[in-house]
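These notes are about the structure you will find just below.
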Amino acid sequence: NLDNPETLSAMSAIIVEMCQGLIEELDQRDLSQIILKSESLLIIANTTNENQFLIAVTSDITKLGLLMKVLENFEN
């Protein structure tokens with residue numbers, strides 16, 4: 001539920017942690033981005049450092065490129 005940002009934050013933290021573990025198991029570098037897509041929702045999570053990440057959520061899939069660019073600019 002997007003009306004509860006605490007729940008979204010907690011669930012996203014778990015997803016990022018699990019994906020980081022997968023990346024490490026595959027002997028790869030740090031995780032930088034996760035994209036989740038359903039029929040009606042797009043979630044993009046970008047890590048900014050080891051302890052922080054930014055999440056963008058939209059129901060408009062056409063905004064994928066724009067959201068990726070905006071999140072990338074926050075990293076720099």
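All values below were derived from every heavy atom in this structure, side-chain atoms included, with hydrogens, water molecules and symmetry-related copies excluded.
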Qualifying residues under side chain to side chain donor-acceptor pair (under 3.5 Å), relative to Q20, sequence neighbours excluded: E24
Throw together a table of side-chain donor-acceptor distances under 3.5 angstrom for residues 53-62, partners on residues two or more places apart or in other chains.
residue: T58; atom: OG1; partner: D60; partner atom: N; Å: 3.0
residue: D60; atom: OD1; partner: T62; partner atom: N; Å: 3.1
residue: D60; atom: OD1; partner: T62; partner atom: OG1; Å: 2.5
residue: D60; atom: OD2; partner: T62; partner atom: OG1; Å: 3.2

Apart from M11 itself, residues in the same hydrophobic cluster as defined by side-chain heavy atoms under 4.5 Å: none
Residues that E39 engages under side-chain contact (heavy atoms from CB on, under 4.5 Å), provided they are two or more places apart: none
Close side-chain approach of L22 and L31, heavy atoms under 4.5 Å: no
From OG (S12) to CD1 (I43), nearest 0.5 Å: 6.5 Å
Pairing residues for S40 by the side chain to side chain donor-acceptor pair (under 3.5 Å) criterion, not counting sequence neighbours: none
Counterpart residues, side-chain contact (heavy atoms from CB on, under 4.5 Å), relative to I35 (two or more places apart): Q33, L42, I44, L64, M68
Any residue meeting side-chain contact (heavy atoms from CB on, under 4.5 Å) with I14, in chain and number order, not counting sequence neighbours: M18
I23 backbone acceptor or donor facing E25 side chain under 3.5 Å: no
